[in-house]
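All remarks here apply to the structure that follows.
Naming: A, B, ... by sequence-line order, numbering from 1 per chain.
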There are 2 protein chains.
Amino acid sequence: MQSVRAVILGFGTVGQGIFNIAQQRRAELREQHQVELVIAKVLVTDAARAGRALPEGFDASLLTDKIEDVLASGPIDTVFECMVGAQPAYDHVRALVQQHGCAVVTANKVMFAKHGAALRELAGAAGRQVGYEACVAGGVPVIKTLQNMKLVQHITKVEGILNGTTNFILTSMRTNPGKSYEATLAEAQAKGYAEADPYNDVSGMDAFSKLMILSELAFGAQPAWPEVPVVGIQEITAAKVAEASAQQQRYRHVASTELVTEGGQRKIVASIRPLLVDAQHALYAVEDVHNAVAVSTDYLGVVTLMGPGAGMYPTASVMVEDWLTFVQQNKLKSGSA
Amino acid sequence: MQSVRAVILGFGTVGQGIFNIAQQRRAELREQHQVELVIAKVLVTDAARAGRALPEGFDASLLTDKIEDVLASGPIDTVFECMVGAQPAYDHVRALVQQHGCAVVTANKVMFAKHGAALRELAGAAGRQVGYEACVAGGVPVIKTLQNMKLVQHITKVEGILNGTTNFILTSMRTNPGKSYEATLAEAQAKGYAEADPYNDVSGMDAFSKLMILSELAFGAQPAWPEVPVVGIQEITAAKVAEASAQQQRYRHVASTELVTEGGQRKIVASIRPLLVDAQHALYAVEDVHNAVAVSTDYLGVVTLMGPGAGMYPTASVMVEDWLTFVQQNKLKSGSA
């Protein structure tokens, strides 16, 4: 039995989901993969915060608000990073990789969009990998699918609905004709689909981070950030939605990145904007909080993946999948598989 | 530079696609994967057949109609099997694995539905793998996605549109109100979407093989074949389609396999039949010759994959992907990655 010691940075919905899954799948991990996942330390913002809800079976003494405690918590094989924002998440993960040579599994799209390339290089130098399936489209396996496609396919375009909040709002405005953007946003907030401060979602900035990650994976590079138009959904009115419906069209908030050739030069052209799509479009049928990604390649044409874009278990479970993939690959390397 | 010698069994559309892709990607395989794919022999039914169309750059002296020539063609690392029917395909592949210890990549759903478990065991005993992504839903990466999901998810149901011919016919009958099944089938044949003898597709037997493969992957077992109802689309009339359209419903030819618990016993319940689905259904939007698979798991809910279900390049390219995955894993094993 191999014992893998891991730490979790950030213990909100996703971080707690990882702990829960490790508990729920303990017997299967042992029997099917001969591995035990031991959570050695959990970093939170304020370890002494009163009234904190913790998962059943969680040992509160694992909590700390000091990264030094995490770094000093014995040998660490894997860091599950579920924080918000590029910093201090990146500094924390970097220190862990440098001091422990650990593998990284992250759900932090803002951190990874900005520092993903450097982080993969750093981990690679330590002979380790970075899993980032959870950064884009939650439980939809777009990262692994693209990684595999890249072996043979030339990817020409990736477009998707990468934010469940905006898709919920646009869907709800269409299925409730006359309902205003503001009233629908309030409904989304009441249902827990939108934050109290909805700017990041409705402006397209959340989708922007995800799109940059997809660009880098599909094309090996990101476009220059200031050149990417990012248009939110705030200007979509009930009247515009009604007009679209009359034409059998739907508004979708589409993030798109494409490889184009201009004057013999290959260039990545990306954008995030509300688009009117008709029934022939791959994203027409993607409703409510779902995410979807349509990938175009030379040999395949278009392949579309659709599913849950967020949530404790979709997101946390693909992080545990990332980790288990690394466990399997390490077994191949060590000849124990 | 690693040189990998492979043979191709069956040189129809898919077999020729593999050869073409190997040619088109030769430089990339060398530069990015340090590997050269050498086609050592190609098995066809009648090597002397006059007027055969061969891909550009193909050396006709590689053709043989004797499996003995294939078996004697020097060391063989990989067999690409693109034949039709369980036999003699399975005997050929088995002989190759036994005598050469080769990896197998197959597009032959009938062979794999029947002999997949035995073949994987045989290859496993030789330390090799079997790739069968191309057996189900052509270019849609359902096999690799399920393999990865199985690491953590409990898969509860897999349902899909696994045959492009029947989906084209049902789509065309709906978009051309009043058009009969017979006239639409004739149109599909004229377009090359249906065979001269369409039985295998329209009866559901083609989808049946694919569904058995999905069952075995998702649940570790196939249901007893005689217990699986297989209903074709031959009884769908223009009048039935009109009635469905009036209710905003669509006919889909749905292959479904599900894990149910009856009296404390886990049981696989599978069927193939025309279903009426409404706009909320994951397969409602899948039109024309497309294939789609919706996978339900405990942590993810439903994830849907959609794309090209057939064709030279979609099918052949996922076979080359399977092969390259094995090349990468072998590098991990040998420590050269």
Kindly indicate, with the supporting measurements, whether the criterion side-chain hydrogen bond (donor to acceptor under 3.5 Å, both in side chains) is fulfilled by B:Tyr299 and A:Gln24. CA-CA 11 Å; B:Tyr299 288 142; A:Gln24 291 161 14; 2.5 Å; yes
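For a residue to count as touching a neighbouring chain, one of its non-hydrogen atoms must lie under 4.5 Å from one of that chain's; by this rule A:Asp298 touches chain B with the side chain only. For A:Glu321, the parts lying near chain B are the backbone and the side chain together; criterion is any non-hydrogen pair under 4.5 Å. Heavy atoms closer than 4.5 Å to chain B are found in the backbone of A:Val302, but not in its side chain. For chain B, the nearby parts of A:Ile21 are the backbone and the side chain; heavy atoms of each come within less than 4.5 Å. For A:Gln153, the parts sitting under 4.5 Å from any heavy atom of chain B are the backbone and the side chain alike. Using a 4.5 Å cut-off between heavy atoms, A:His154 contacts chain B through both its backbone and its side chain.
Minimum interatomic distance between B:Thr145 and A:Pro141 (heavy atoms only, all atoms of both residues): CG2-CG, 3.8 Å. Taking both residues in full, the closest heavy atoms of A:Leu151 and B:His33 are given as CD2-CE1, 3.5 Å, listed atom of the first, atom of the second, then distance. Between B:Val303 and A:Pro308 the shortest heavy-atom distance is CG2-CD, 3.8 Å. Across B:Val318 and A:Leu300, no two heavy atoms sit closer than the pair CG1-CD2, 4.2 Å.
Between chain A and the residues B:Lys144, B:Gln32, B:His290, the most heavy-atom pairs under 4.5 angstrom are made by B:Lys144. Comparing B:Met149, B:Gln280, B:Lys150 by how many heavy-atom pairs each has under 4.5 Å with chain A, the most go to B:Met149.
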